[in-house]
Amino acid sequence: MRYVITGYDEKERRRLAVLASLLDPFTFQELDRIGLQPDWQCVEIGAGLGTVSQWMADRLQSGGGVLCSDLQTDFIDEINHPRIRSEKLDISKSPQYLDRFDLAVARAVHHHIADRDGAARNLVRMVRPGGHILFIEPDIHPAFCDDHPAWKRLWQALFQWGARRDIDYFTGRRLPGQLAALGLDIVSVRGETVLFNGSADDNPAHETYRLMFDVVLPDLVGGGFLSRADHEEALALLENPEVWLMGFCFFATHARKSASS
Ligand SMILES: C[S@@+](CC[C@H](N)C(=O)[O-])C[C@H]1O[C@@H](n2cnc3c(N)ncnc32)[C@H](O)[C@@H]1O
């Protein structure tokens with residue numbers, strides 16, 4: 001299994017922490033709507049630092065628990081919570097837990113997985129009949145209609161770069177159809193898009209895109225997807241307090257497995 005990030009160091013920890021601070025408030029609202037029950041068994045796929053697992057575990061009581069999983073467990077192994085167990089789990093592989101969980105959550109993972117149909121099927125198999133599934137995935141479309149041409153070209157370049165690596169930055173819009181095709185009931189689909197400017201160093205959106213630039217810009221320019229001039233302009237836009245920029249939309253898809261399946 002290939003994942004675009006290969007180093008799990010302090011820089012990656014920082015990147016995951018900033019991403020979590022960008023997405024946690026929206027994710028927790030969606031989990032609140034689902035309404036966790038204190039005795040639920042939950043699983044998080046591709047948990048990163050495990051902030052979502054910790055939020056869920058804090059709402060469970062004895063009898064309930066969270067399996068916090070990722071391809072790489074160095075970060076989640078550090079979590080010390082009585083209702084969290086960490087485990088290495090690759091969602092592209094056939095699951096060892098079948099019909100086990102009341103709720104499965106996967107955030108910002110699915111778009112990275114080459115066999116997205118297979119991974120969705122594996123996740124669904126882990127959930128009990130009647131159980132809940134929450135996917136939160138990006139859809140890059142707002143960045144494509146930003147007012148600043150260099151910013152638009154940057155994300156169009158990322159989209160093309162991603163397509164060569166089986167990364168789909170339109171996953172957010174595609175998941176509801178994909179899950180419905182697997183026989184799930186789609187309960188709700190909602191999106192959140194940030195509009196941000198370059199002045200706020202403590203703004204998680206600003207910092208998320210800054211750290212993302214570190215990872216992808218050299219590849220975009222080196223691979224001929226983006227010109228050096230657009231690279232320079234995008235960097236300047238990101239740091240300009242007078243410029244407001246469109247980030248990605250993140251769609252939350254809440255689905256349920258039929259009680260009779
Ligand atoms: C962008 S990070 C998101 C982390 C976390 N879900 C969050 O939103 O804060 C993607 C995570 O998915 C994990 N991942 C990538 N491919 C995976 C796979 N096939 N199975 C399970 N986890 C995977 C990575 O190790 C990484 O921690």
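These numbers come from the heavy atoms of this one structure, side chains and all, not from hydrogens, waters or symmetry mates. In each ligand, atom 1 is the first atom listed, and ligand 1 is the first ligand listed.
- A salt bridge links R107 and D24; the closest N-O separation between the charged side-chain nitrogens and carboxylate oxygens is under 4.0 Å.
- Cation-pi check for R100 over Y97 is not met; the charged atom does not lie both under 6.0 angstrom from the ring centroid and within 45 degrees of its normal.
- Below 4.0 Å from some heavy atom of D90 lie the following atoms of ligand 1, by number and element: 18 (C), 19 (N), 20 (N).
- Distances between N or O atoms of I91 and those of ligand 1 include at least one value under 3.5 Å.
- You'll find the ring centres of H141 and F170 outside the 6.0 Å limit.
- In summary, E12 and R14 do not engage in a salt bridge, as defined by a charged side-chain N under 4.0 Å from a carboxylate O.
- Figure legend: R164 and W161 shown without cation-pi pairing, the cationic atom not lying both under 6.0 angstrom from the six-membered ring centre and within 45 degrees of its axis.
- Residue contacts with ligand 1 for R107 involve both N, CA, C or O and side-chain atoms from C-beta outward (heavy atoms, distance under 4.0 Å).
- In this structure, K88 does not pair ionically with D70, as no charged nitrogen and carboxylate oxygen lie closer than 4.0 Å.
- Nearest-residue assignment for atom 25 (O) of ligand 1 (options V52, D70, N122, L71; heavy-atom criterion): D70.
- Under the 6.0 Å cut-off for aromatic ring centres, F248 and W155 qualify, their centroids lying closer than that.
- Close contacts of ligand 1 with L19, meaning ligand atoms under 4.0 Å from a residue heavy atom, involve 1 (C), 3 (C).
- Proximity of A47 to ligand 1, defined as any heavy-atom pair under 4.0 Å, is confined to the backbone N, CA, C and O atoms.
- Near L89, the atoms of ligand 1 lying under 4.0 angstrom from a non-hydrogen atom of the residue are 20 (N), 21 (C).
- Close contacts of ligand 1 with G46, meaning ligand atoms under 4.0 Å from a residue heavy atom, involve 4 (C), 5 (C), 6 (N), 11 (C), 12 (O), 13 (C), 22 (N).
- Counting the atoms of ligand 1 from 1 in the order shown, those under 4.0 Å from a heavy atom of L16 are 2 (S), 4 (C).
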